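Some notes on the structure that comes next.
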Number of protein chains: 2
Amino acid sequence: MQPRPTDPQHQSTPEFGSDPSLPPHKGQPSASHGGPKGKQLEREQREAEWLRLALGILLEEGYLGLTMDRLAKATGYAKGTLYLHFKNKEDLICALLRDFQVKRMELFDRVADLDLPHRARLAAIGLAAELFPLAYPENARIEPVLKTQSLRDKASPERLRALEEIDLFCFSRVLQTVQAAVDAGELRMQAHETPEQLVMALWSMHVGLNVLRNTTAHLTDTCSTTDSPPHEVLFPIAQRLLDGYGWQPLSTEFDYAGLRQQLLREPLSAEAERAWQASGIRLL
Amino acid sequence: MQPRPTDPQHQSTPEFGSDPSLPPHKGQPSASHGGPKGKQLEREQREAEWLRLALGILLEEGYLGLTMDRLAKATGYAKGTLYLHFKNKEDLICALLRDFQVKRMELFDRVADLDLPHRARLAAIGLAAELFPLAYPENARIEPVLKTQSLRDKASPERLRALEEIDLFCFSRVLQTVQAAVDAGELRMQAHETPEQLVMALWSMHVGLNVLRNTTAHLTDTCSTTDSPPHEVLFPIAQRLLDGYGWQPLSTEFDYAGLRQQLLREPLSAEAERAWQASGIRLL
DNA sequence: TCAAAAAATGACGATCCGTCAATACCCGAA
DNA sequence: TTCGGGTATTGACGGATCGTCATTTTTTGA
């Protein structure tokens with residue numbers, strides 16, 4: 001073990017669980033028996049590994065701590081190889097962001113088709129949206145960081161389009177639910193009101209709360225000092241809002257709080273458990 | 001006009017209205033008659049000038065385009081002098097952010113003490129909050145950018161505290177209004193509800209909408225394609241929400257839309273005018 | 001077995017941040 | 001007017017990072 005200028009064994013930090021014994025590029029292309037599939041698989045695995053490490057660094061030391069040199073070395077590959085996968089740093093950030101959004105979308109999917117009144121379905125999606133940053137606080141913490149910062153200026157168009165696609169998909173999901181309620185006569189909107197605006201307002205609440213939680217903790221803490229548990233913020237308020245619209249069934253006619261408990265037990269139990277472990281928040 | 005290595009006349013861009021003939025430091029300390037006041041004044045003027053230029057560059061070329069070298073040269077001063085005013089780049093960003101927040105606070109101040117029912121006062125503040133990004137779209141556009149990005153890691157504690165102070169001040173303003181309504185019996189909250197949560201939700205809506213407008217324009221555009229004017233988003237929805245709380249007087253008993261028009265004519269006419277000029281949005 | 005194609009490398013140029021020793025300027029006293 | 005100490009300003013420099021690309025290593029396939 002002769003002293004080296006940049007001995008990977010002597011990294012300043014253990015580098016977030018990367019396997020230090022990982023051979024740079026001497027390992028077999030893949031465990032599977034040859035063919036282009038193996039190549040492709042290895043490529044994806046490596047990319048996933050980079051994203052995993054990038055997330056770790058980002059959480060540990062923030063945006064400034066994440067450098068391409070460091071990320072490359074962390075897996076034993078050279079920087080040039082890293083740049084074969086990601087056009088630039090923003091592109092990598094974009095890929096990271098996409099992973100979160102896919103996760104959230106999957107969560108939406110799990111509750112969007114339940115056999116419930118339209119309003120209850122919307123409430124279920126809202127709960128999922130509220131649960132997400134609690135179950136994956138790391139993701140939520142860096143999401144506002146990633147969403148800005150000249151990301152759109154430099155990331156590759158393909159990655160950006162992928163992001164927009166997911167956004168639009170989620171938006172449509174919610175919009176469909178509202179529209180269905182309007183069509184069913186359960187929700188009446190005035191002339192100047194549109195389902196899009198309602199969806200946008202609900203969406204804004206979630207986005208904004210997440211931003212505030214992660215940029216102005218001194219304020220959100222004010223909320224938590226009360227008796228009420230700090231996580232139960234958006235769900236009941238959204239119900240008040242929908243009551244204000246007169247969306248049937250009203251919260252006086254339907255037990256949305258009970259639905260919430262039920263959803264947390266059944267299709268969202270895994271996330272509720274994660275929230276308990278990750279954020280120390282007992283939801284059930 | 002002998003050729004110089006860094007001739008300010010030959011900047012790549014005209015640099016956003018800075019006076020190219022501005023003498024580096026040969027001008028009189030100040031027009032006022034001597035004394036330490038003049039020195040202080042000159043210092044503040046210079047700082048204001050830097051912030052003005054920084055905003056211009058930020059708007060024109062984004063966060064990446066704003067470099068300390070460039071900003072320094074734009075006023076004819078050296079970088080070292082710039083660093084005498086701002087601890088680092090983040091610190092400068094912080095100062096810029098503060099200017100916006102002060103502006104918004106002043107707007108709040110202008111409507112927070114009107115002789116109106118509590119709920120109408122809250123609506124007035126909400127209108128001010130909604131009007132702000134329309135009247136100062138440049139500010140709103142970069143505010144999400146500035147709020148993140150390791151700003152808190154590197155900016156000086158004093159500047160950060162100044163930011164928090166303003167946030168807290170605005171928050172308190174709103175909270176007081178809600179609390180007053182509760183005390184007056186015009187707003188009843190259930191056991192698990194708190195005024196803080198309601199304020200935070202309203203605040204989140206505004207923050208979130210601004211973020212969405214500036215990061216995912218493809219979605220917010222969806223909202224604008226409807227017949228309804230795109231700017232009338234939050235005000236009516238907030239009224240729905242407060243109706244949901246049963247906050248007296250309900251929107252069926254009080255003409256909040258009329259109040260809105262009136263506010264836009266009287267204490268907020270300047271901002272309404274700005275919104276018309278800056279965003280092409282006719283509010284009246 | 002070997003040569004062409006593909007993959008991986010890391011040194012390099014360019015950019016930017018923030019510092020600090022050197023310089024220019026100011027102002028009161030002689 | 002001259003001088004000297006103190007203050008304001010400067011810009012070259014060190015350090016760090018991004019992204020490139022000519023070179024080297026590995027793989028492929030004939």
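Order of the sequence lines sets the chain letters (A, B, ...), proteins ahead of strands, with each chain counted from 1. This is a predicted model, so every value here is computed, not measured.
By the 6.0 Å and 45° rule, A:Lys89 stacks over the aromatic ring of A:Tyr63.
Of the side-chain N and O atoms in A:Arg43, none sit less than 4.0 angstrom from OP1 or OP2 of C:dA8.
Checking each of A:Lys154, A:Arg159, A:Arg152, A:Arg98 against A:Asp91 for a salt bridge (charged side-chain N to carboxylate O under 4.0 Å, His left out) leaves exactly one that passes, namely A:Arg159.
Rounded to whole Å, atom P of C:dT9 lies 12 Å from atom NZ of A:Lys73. With rounding to whole Å, A:Asp91 atom CG is found 14 Å from D:dC18 atom C1'. The nearest whole Å value for the distance from the CG atom in A:Leu71 to the P atom in D:dT17 is 13 Å. Separating the OH atom of B:Tyr63 from the P atom of C:dT15 is a distance of 19 Å, rounded to the nearest angstrom.
The shortest distance between side-chain heavy atoms of B:Phe132 and B:Asn139 falls below 4.5 Å.
A donor-acceptor contact shorter than 3.5 Å is absent between the side chain of A:Thr81 and the backbone of A:Tyr77. One N or O on the side chain of B:Glu130 and one on the backbone of B:Leu234 form a donor-acceptor pair closer than 3.5 Å.
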Heavy-atom protein contacts under 4.0 Å, nucleotides 16-21 of chain C, coded B base, S sugar-phosphate only, - none
SBBB--
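Classification of the B:His85-B:Trp50 ring pair by plane angle, with boundaries at 30° and 60°, yields perpendicular.
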